[in-house]
Amino acid sequence: MSNKMKSKTVQLSHGGGGKEMNALIQDIFFSEFHNPILNSEEDAALLNLSGETAFTTDSFTVAPIFFAGGDIGKLAIAGTVNDLAMMGAEPQYLSCSFIIEEGFEVSKLKTIAASMRTELAKSGTRIVCGDTKVVPKGCADGLFINTSGVGRVLHKGISVKNIQQGDAILVSRDIGRHGAAILMAREALSLESDLTSDCANLWPVIEQLIAANIDIHAMRDATRGGLAAVLNEWAVASNVGIKVEESAIPISDEVKGLCELYGFEAHDLANEGTFIIALPQEIAEGALEIMQRYGHCENAAIIGTVTDEHIGKVVIKTPWGSNRYLDLPHGELLPRIC
């Protein structure tokens, strides 16, 4: 008998451990994620790890599941890989668990799995174990994904506590695109723009920086809370002050327009393919060139410096020459952003 799924939607029987569940796993997940470790079908993956290893976990509940520039599957892979990359670790192995609501369309599940495979290939990462659960209609919102990842640390010493006075602060691209894209999708806005989420795998550019022996003090992908959250966390953790030039922060016209429409600040909005990096001032221009030339970060910019003033605070200099504190975002601007 064929092992292909015959149903157009996911049924409770697809989580029951029998023939239907086997068909779903084989036809979708094993088809897209196949590799020798996963294909062994053991209760646990056997991994060969050496040296210092980074380990992370995350869950993804984004709404809507599909958005301009990505979907929940691409987001799950990029988000997990990026957390490893921010610690200077080469992403190697991922686990992946799916919680699927009864009635979810099989065609959508296949599309999501395919986008995950595409994103995995960008960093040579493999899903080596996983789990599938199906819950009754109304007990979940379509699809939730949980991932964990491990990677081999190639650049040691990267830490939120390692930022030093005189460091330069760089951002890899224009900010706020993911939050703006999700907002646009939720509000069903028909804008004359090609605004898409920045959702992307950051390992390729980080690999270039590590290969160039760039002395990285700290890195963080600016997800929930955006640029403002990262800089404030760094200022407190390293007991330093951070000064940022507002005019130097790259923001697209589309994001500016949405922020004006809804009263948001771009530096508070989430990103899913944008990172902030702190490194010695004297190598900042060299690092910027690597990011722009070899890392496809054409909009990367030096946006600030670390100082011994306003310890534990972030100060932003406006285009009019005045200064103000850049505070942590308040409340939940956009729930279920990732």
Side-chain angles (χ1 to χ4, degrees), residues 61-72 74-75 78-79 169-200 202 220-235 242-277 291-292 296-305 310 313-338:
T61 65
V62 65
I65 287 175
F66 294 91
F67 49 86
D71 57 51
I72 191 173
K74 178 182 180 182
L75 184 64
I169 305 294
L170 288 72
V171 64
S172 66
R173 63 166 299 161
D174 56 302
I175 64 169
R177 294 184 70 93
H178 182 68
I182 295 297
L183 175 63
M184 190 168 67
R186 288 182 187 171
E187 299 296 326
L189 295 175
S190 299
L191 303 179
E192 292 183 3
S193 76
D194 56 355
L195 176 66
T196 60
S197 168
D198 62 329
C199 181
L202 291 171
R220 180 67 62 86
D221 54 334
T223 54
R224 285 172 293 180
L227 174 71
V230 172
L231 295 182
N232 275 278
E233 289 167 5
W234 282 2
I242 296 177
K243 191 166 186 176
V244 176
E245 294 281 345
E246 187 172 14
S247 60
I249 301 172
I251 307 172
S252 72
D253 290 339
E254 295 89 347
V255 171
K256 287 180 181 178
L258 277 174
C259 285
E260 291 176 2
L261 185 62
Y262 286 91
F264 291 151
E265 295 280 4
H267 41 63
D268 292 343
L269 292 180
N271 311 270
E272 288 296 342
T274 302
F275 68 96
I276 319 299
I277 184 169
M291 292 164 66
Q292 292 175 335
H296 303 291
C297 298
E298 292 82 5
N299 295 323
I302 300 171
I303 63 170
T305 57
H310 305 284
K313 299 288 186 180
V314 180
V315 174
I316 187 166
K317 183 179 179 181
T318 72
W320 300 277
S322 60
N323 295 317
R324 63 183 177 89
Y325 286 123
L326 180 62
D327 294 323
L328 279 166
H330 296 285
E332 183 59 76
L333 299 179
L334 291 168
R336 292 186 58 186
I337 199 76
C338 60

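Since we're looking at a predicted model, the values are computed, not measured.
- Rounded to the nearest 0.5 angstrom, Glu245 CD and Ile316 CD1 are separated by 9.0 Å.
- With rounding to the nearest 0.5 Å, the separation of CG in Leu326 from CD1 in Ile249 is 7.0 Å.
- A distance-only check finds no donor-acceptor pair linking the side chain of Asn271 to the backbone of Thr223 [under 3.5 Å].
- Minimum interatomic distance between Asp71 and Phe66 (heavy atoms only, all atoms of both residues): CB-CD2, 3.6 Å.
- Counting only distance, with no hydrogens or angles, the side chain of Gln292 and the backbone of Ala300 share a donor-acceptor pair below 3.5 Å.
- Side-chain atoms of Tyr325 and Val315, non-hydrogen and from C-beta on, do get closer than 4.5 Å to each other.
- At distances below 3.5 Å, at least one donor-acceptor pair connects side-chain atoms of Lys74 with backbone N or O atoms of Gly69.
- Atoms CG and CG, from Leu227 and Asn232 in turn, are 9.5 Å apart once rounded to the nearest 0.5 Å.
- Here Trp234 contributes atom CH2 and Ile276 contributes atom CD1; the two are 6.5 Å apart, rounded to the nearest 0.5 Å.
- Minimum interatomic distance between Ala248 and Ala301 (heavy atoms only, all atoms of both residues): O-CB, 3.7 Å.
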* Derivation and outcome, side chain to side chain contact (heavy atoms under 4.5 Å, CB included), residues Ile251 and His267 -> CA-CA 9 Å; Ile251 307 172; His267 41 63; over 6 Å; no

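- Taking CZ of Arg324 as the start and OG1 of Thr318 as the end, the distance is 7.5 Å to the nearest 0.5 Å.
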In a table with atom names and distances, give each donor-acceptor pair under 3.5 Å that connects a side chain of residues 169-181 to protein atoms at least two apart or in another chain.
{"residue": "Ser172", "atom": "OG", "partner": "Phe275", "partner atom": "N", "Å": "2.9"}
{"residue": "Asp174", "atom": "OD1", "partner": "Asn299", "partner atom": "ND2", "Å": "3.4"}
{"residue": "Asp174", "atom": "OD2", "partner": "Arg177", "partner atom": "NH1", "Å": "3.1"}
{"residue": "Arg177", "atom": "NE", "partner": "Thr196", "partner atom": "O", "Å": "3.1"}
{"residue": "Arg177", "atom": "NH2", "partner": "Thr196", "partner atom": "O", "Å": "3.4"}
{"residue": "His178", "atom": "ND1", "partner": "Ser197", "partner atom": "OG", "Å": "2.8"}
{"residue": "His178", "atom": "NE2", "partner": "Ile337", "partner atom": "O", "Å": "2.7"}

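- With rounding to the nearest 0.5 Å, the separation of CG in Leu258 from CG in Asp253 is 11.5 Å.
- Taking the side chain as every heavy atom from C-beta outward, Arg336 and Ile182 never approach each other to under 4.5 Å.
- The heavy-atom pair separating Leu75 from Cys199 by the smallest distance is CA-SG, 3.7 Å.
- With a 4.5 Å cut-off on side-chain heavy atoms, Cys259 and Leu269 count as touching.
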